[in-house]
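Atoms within a ligand are numbered from 1 in the order they appear, just like the ligands themselves. Every heavy atom of this structure was used, including side-chain atoms; hydrogens, water molecules and symmetry mates were not.
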Amino acid sequence: MSDNLYIGRFAPSPSGKLHIGSFLSAITSYIDAKHNNGLWKLRIDDIDSERSKKIYSENIIKILKDFLLDPDEIYYQTDHLNDYVNYLDRIPKEKTYFCECTRKIISTLPQHDIGAIYNGRCLNKNLKYGALRMQMKKINFSFDDLNLGLIKLDKTHVSDFIVRGKNQFAYVFCCVIDDYLQGVNTIVRGSDLVFQTFQQRYLQELFSFPTLSYLHHPVLYDGKRKISKSDQDKEIHPDNRTEILVSMLKILNQKIAPNIKSYKSILEHAIESWDIKAIPNSTRINLC
Ligand code: GLU
């Protein structure tokens, strides 16, 4: 495999049917990978055993097939529990501590739009069990996003984060291991995950994993609310696939060939004429 081969991915959580918010990530990551003659891998983020359901991962795989988005690999997080255990063992013990804070306690901490900022409440308690928190000491964080430009982490937003909850590994941790194991070098996903990028880059550095490229696209909103799995009217249906593809391309500000009618040709044209500079460099877009 060439060192320069682009390897991208789409990593949905199967906790509901695929909706247009998530589909925007699928289409953006697929077209960017194929425009760059790369591979596009599917990762089913099913580590959260309470919320993940097989019917939803099957729905996601079927919808992608109906929309001709063929993954070069399908990877399930639940097949990689041993990898998570092995990598967790490699984190020096002094960089983590056990935490007993409940959701209720966390909700009383200073809140930012990126979530609660953890104040190290359990840092010096020397607990012997609980959730495992990673200390995040480095504060000069920044990265160059392919869409949003230079993003800096505000010092006041540095916060110790969970790598393994009481019962299961955390998404932020697994994602770093998965991207490495899948050989991913370019991550295209919604801007709601920009903050997690800092935590993930922190872990990548700790494991001496290669540095990845990131493109965060705008997230779809319906008024003040982010479109989510509970928006049943925003579910994806293959009967409307041409209309859906065209609306996604419009959101991404891409050129749409005027005389092409078939779904397949529109997709092929989008891959050929793909222009990441045209993608709106905002973090959200309102659908109404
Ligand atoms: N599974 C995550 C989600 O559906 C996305 C993970 C990622 O793209 O890094 O929000």
Asker: List the steps and the verdict of side-chain hydrogen bond (donor to acceptor under 3.5 Å, both in side chains) for Gln168 and Asp48.
Answerer: CA-CA 7 Å; Gln168 56 200 10; Asp48 184 338; 3.2 Å; yes
Asker: Flag Ala11 as yes when one of its N or O atoms lies below 3.5 Å from any N or O atom of ligand 1, and as no otherwise.
Answerer: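 Yes: some nitrogen or oxygen of Ala11 is under 3.5 Å from one in ligand 1.
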Asker: Does Arg133 qualify as a cation-pi partner of Tyr118, given the criterion of NZ or CZ under 6.0 Å from the six-membered ring centre and within 45 degrees of its axis?
Answerer: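 Relative to the ring axis of Tyr118, which defines the angle, Arg133 lies inside both limits.
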Asker: Count the heavy atoms of every other residue, nucleotide or ligand shown that sit under 6.0 Å from NZ of Lys95, and state whether that count exceeds 12.
Answerer: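 It does not: Lys95 NZ has 12 such atoms or fewer within range.
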Asker: Are Phe207 and Tyr87 an aromatic pair, judged by ring center distance below 6.0 Å?
Answerer: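 Ring centres of Phe207 and Tyr87 closer than 6.0 Å.
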Asker: Among all protein heavy atoms, pick the one closest to atom 3 (C) of ligand 1 and tell me residue, atom and distance.
Answerer: Ser13 OG, 3.6 Å
Asker: Which of the numbered atoms in ligand 1 are under 4.0 angstrom from any heavy atom belonging to Tyr171?
Answerer: 6 (C), 7 (C), 9 (O)
Asker: Ring of Tyr263, cation from Arg241 - is the NZ or CZ under 6.0 Å from the centre and inside 45° of the axis?
Answerer: yes
Asker: Could you tell me whether the side chains of His216 and Arg189 share a donor-acceptor contact shorter than 3.5 Å?
Answerer: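 Side chains of His216 and Arg189: pair found under 3.5 Å.
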Asker: At a 4.0 Å threshold, what atoms of ligand 1 neighbour a non-hydrogen atom of Cys175?
Answerer: 9 (O)
Asker: Closer than 4.0 Å to some heavy atom of Arg9 - which atoms of ligand 1 meet that?
Answerer: 7 (C), 8 (O), 9 (O)
Asker: For Leu193, which part has a heavy atom under 4.0 Å from ligand 1: side chain, backbone, both, or neither?
Answerer: side chain
Asker: Can you sort out which atoms of ligand 1 are near Arg189, meaning under 4.0 Å from one of its heavy atoms?
Answerer: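 Those of ligand 1 that fall under 4.0 Å from Arg189 are 7 (C), 8 (O), 9 (O).
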